[in-house]
Colleague: 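Dropping a structure here in structure tokens format, bear with me for questions.
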There are 2 protein chains.
Amino acid sequence: MPAESQRLYERIAQKLANDISRGQYKIGQRLPSERELAQTFSVSRPTVREAIIALELDRLVEVRVGSGVYVTNTEPPGGKAGATDIGPFELLEARRSIEGEACALAATRIDDAQLAELNALLTEMRTENEKDVMLSEDADRRFHETIAAATQNSGMIAAVKMLWDARTRSPQSRSLSAKVRATGVKPRIDEHTAILKALRQRDPEGARAAMREHLTRVIDALLKATEVQELERARQQIAEQRKRYAASQ
Amino acid sequence: MPAESQRLYERIAQKLANDISRGQYKIGQRLPSERELAQTFSVSRPTVREAIIALELDRLVEVRVGSGVYVTNTEPPGGKAGATDIGPFELLEARRSIEGEACALAATRIDDAQLAELNALLTEMRTENEKDVMLSEDADRRFHETIAAATQNSGMIAAVKMLWDARTRSPQSRSLSAKVRATGVKPRIDEHTAILKALRQRDPEGARAAMREHLTRVIDALLKATEVQELERARQQIAEQRKRYAASQ
DNA sequence: TTTCATAATTGGTAAGACCAATTTCCGAAT
DNA sequence: ATTCGGAAATTGGTCTTACCAATTATGAAA
């Protein structure tokens, strides 16, 4: 019977997880006792225990000794947490909102060492801008992540990092940024300089504004680039049609 | 020994994980048999099995029936990717910044269905507030996540979700929120109502302000709660000292 | 040496028992 | 009638034993 199937406890765990996400058991509610579950599923208690441990490690349930097993979540956290593919414009809009706030927070807490690092990254971007675009983009990322670090808030740091990771991961964003690069748009030195200046002055509102301004311009550049791209695509399509039309004659 | 300790299988799993990351067992190598492990750790075989299942779910090992348990990784994948433990106050500060912006974005894009859902969640929070705190907290989370969803920006959605997941995951945050619950602080209906009102009016600035106000108040409540907690701890410590002093005479 | 069947090993599961923590509930005291 | 305390029932935690199935090792036969 067990053939090449998955293990018993995995099936039980999946059934229970389904029941939970299906609303059979709601958050805060108690599951049937291990003995009952064992009988219901016609398996032994150890197997039920193994399944419950699996659910517990997925933070779906929480066991309280002597009391029972309680539902704490309706779906596993890892479900699609880090794997979401975020579109380029969504990504930039989110960054404008989130990094704008991060920048405002950073302005009140950044220390001189971090300011110096930002300055160094700025010159790096300036010098690398010409020869190596990849290097310059890396400096760009480190610039933004240093600002996030300056907030001294691991939640903000994680959020910013997540967005940049998503950018790296997303095929759409990668190809788009390649296109933008091809159109000659490079990381904007002056905008980054404005951000650094506001941070130096410990000016939260100014820092936020500078960061939002910067990312707004990036969005605009991207829009323009995709416009060009769209035009190119349309032109090609027309040429295609023309050819077909000509061929059918 | 049984005290308030963690469960046996967790300790065994941790020992094994340590041995693995320590290089005691290298990648591809076979672990001792369940029976041997049971003997060396002086526990029963089911317990060893539970520990191995825990390692398996962390993708540290892979079990092959009839053959043995093999090491596949030297450290859990979630090492510090999404698993960062964010402190309660950091978390709330990050949420104030990020969800504030999310709320402002949502105000311009939220549709009537989502407004209705928010309203439903509000009444749910109100009615469940008295009887079941868990349910009411779940409604709270869904309220905030619905607002994030209303931004129609998967970057913002992912960021907000990440922070709430971090809260669920963090032992610190969990215990702290339990403490706060004990002091009688419940999800604030009126503050949520203010947020909903601003969203209804499609007022970005008002929505942002309402959300920030709400989370600022939560931070204040948490501060107060920890103060009380600290006071209690201090009081107990003094009583302890007094007792010892009296006893030594 | 190669091959193949048998034995030994290993994980998978079942069943039963006992312990400790928790909850429930009923009787006694107020 | 209400409240308080403790016993009993419930529940998860762990151990022990046993047997099955898959895999691997062994060794005898070709």
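In what follows, every chain begins at residue 1, and chains take the letters A, B, ... in the order their sequences are listed.
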Colleague: Tell me which nucleotide among dT23(C), dG12(C), dT16(D) gets nearest to the side chain of Val63(B).
Modeller: dG12(C)

Colleague: Side-chain donor or acceptor of Arg45(B) under 3.5 Å from a matching atom on the base of dG12(C)?
Modeller: yes

Colleague: Taking 4.0 angstrom as the limit, do Arg141(A) and Asp165(A) come out as a salt bridge?
Modeller: yes

Colleague: Is there a side-chain polar atom (N or O) of Thr47(A) under 4.0 Å from OP1 or OP2 of dA14(C)?
Modeller: yes

Colleague: Take the protein atom CZ of Arg35(B) and the nucleotide atom C1' of dC20(D), then report the distance between them rounded to whole Å.
Modeller: 11 Å

Colleague: Could you tell me how far apart Ile53(A) (CD1) and dT14(D) (P) are, to the nearest whole angstrom?
Modeller: 8 Å

Colleague: Salt bridge (Lys or Arg N to Asp or Glu O under 4.0 Å), that's the test. Do Arg208(B) and Glu101(A) meet it? Break it down for me.
Modeller: CA-CA 12 Å; Arg208(B) 174 179 11 235; Glu101(A) 294 307 299; 5.2 Å; no

Colleague: Do the side chain of Arg64(B) and the base of dG11(C) come within less than 3.5 angstrom through a donor-acceptor pair of N or O atoms?
Modeller: no

Colleague: Any chance CZ of Arg217(B) has more than 12 other-residue heavy atoms, nucleotides or ligands included, within less than 6.0 Å?
Modeller: no

Colleague: Can you confirm whether Gln39(B) is buried at CD, in the sense that more than 12 heavy atoms of other residues, nucleotides or ligands lie under 6.0 Å from that atom?
Modeller: no

Colleague: I need the CG-P distance between Leu55(B) and dG11(C), as an integer number of Å.
Modeller: 13 Å

Colleague: Given atom CD of Glu34(A) and atom P of dA15(C), what is their separation to the nearest angstrom?
Modeller: 15 Å

Colleague: Over how many whole Å does the gap from Arg11(B) atom CZ to dG13(D) atom P extend?
Modeller: 13 Å

Colleague: Return whichever of Tyr9(A) or Ser67(A) has its heavy-atom-nearest nucleotide of DNA chain C closer to the 5' end.
Modeller: Tyr9(A)

Colleague: What's the closest nucleotide to the Ser44(A) side chain, out of dT13(C), dT14(D), dT11(D)?
Modeller: dT13(C)

Colleague: Would you indicate, yes or no, if dG12(C) has its OP1 or OP2 atom less than 4.0 angstrom from a side-chain nitrogen or oxygen of Arg49(B)?
Modeller: yes

Colleague: Reading DNA chain C from 5' onward, which residue's closest nucleotide shows up sooner: Ser42(A) or Arg30(B)?
Modeller: Arg30(B)

Colleague: Please determine, for the side chain of Glu36(A), which listed nucleotide (dC15(D), dG12(D), dT11(D)) has the closest atom?
Modeller: dT11(D)

Colleague: Which nucleotide in the list dG11(C), dT13(C), dC15(D) gets nearest to the side chain of Ser33(B)?
Modeller: dG11(C)

Colleague: Between P on dT14(D) and CZ on Phe41(B), what's the gap in Å once rounded to a whole number?
Modeller: 15 Å

Colleague: For the pair made of CG in Leu8(A) and P in dG11(C), what is the distance, rounded to whole Å?
Modeller: 18 Å

Colleague: Between Glu50(A) (CD) and dG11(C) (P), how many Å, whole number?
Modeller: 13 Å

Colleague: I want to verify a distance call: between dT22(C), dT13(C), dC15(D), whose nearest atom is closest to the Arg7(A) side chain?
Modeller: dT13(C)

Colleague: Start with the C-alpha gap between Lys15(A) and Asp19(A), add the side-chain angles, then the distance that decides, and say whether salt bridge (Lys or Arg N to Asp or Glu O under 4.0 Å) holds.
Modeller: CA-CA 6 Å; Lys15(A) 277 188 184 179; Asp19(A) 287 348; over 6 Å; no

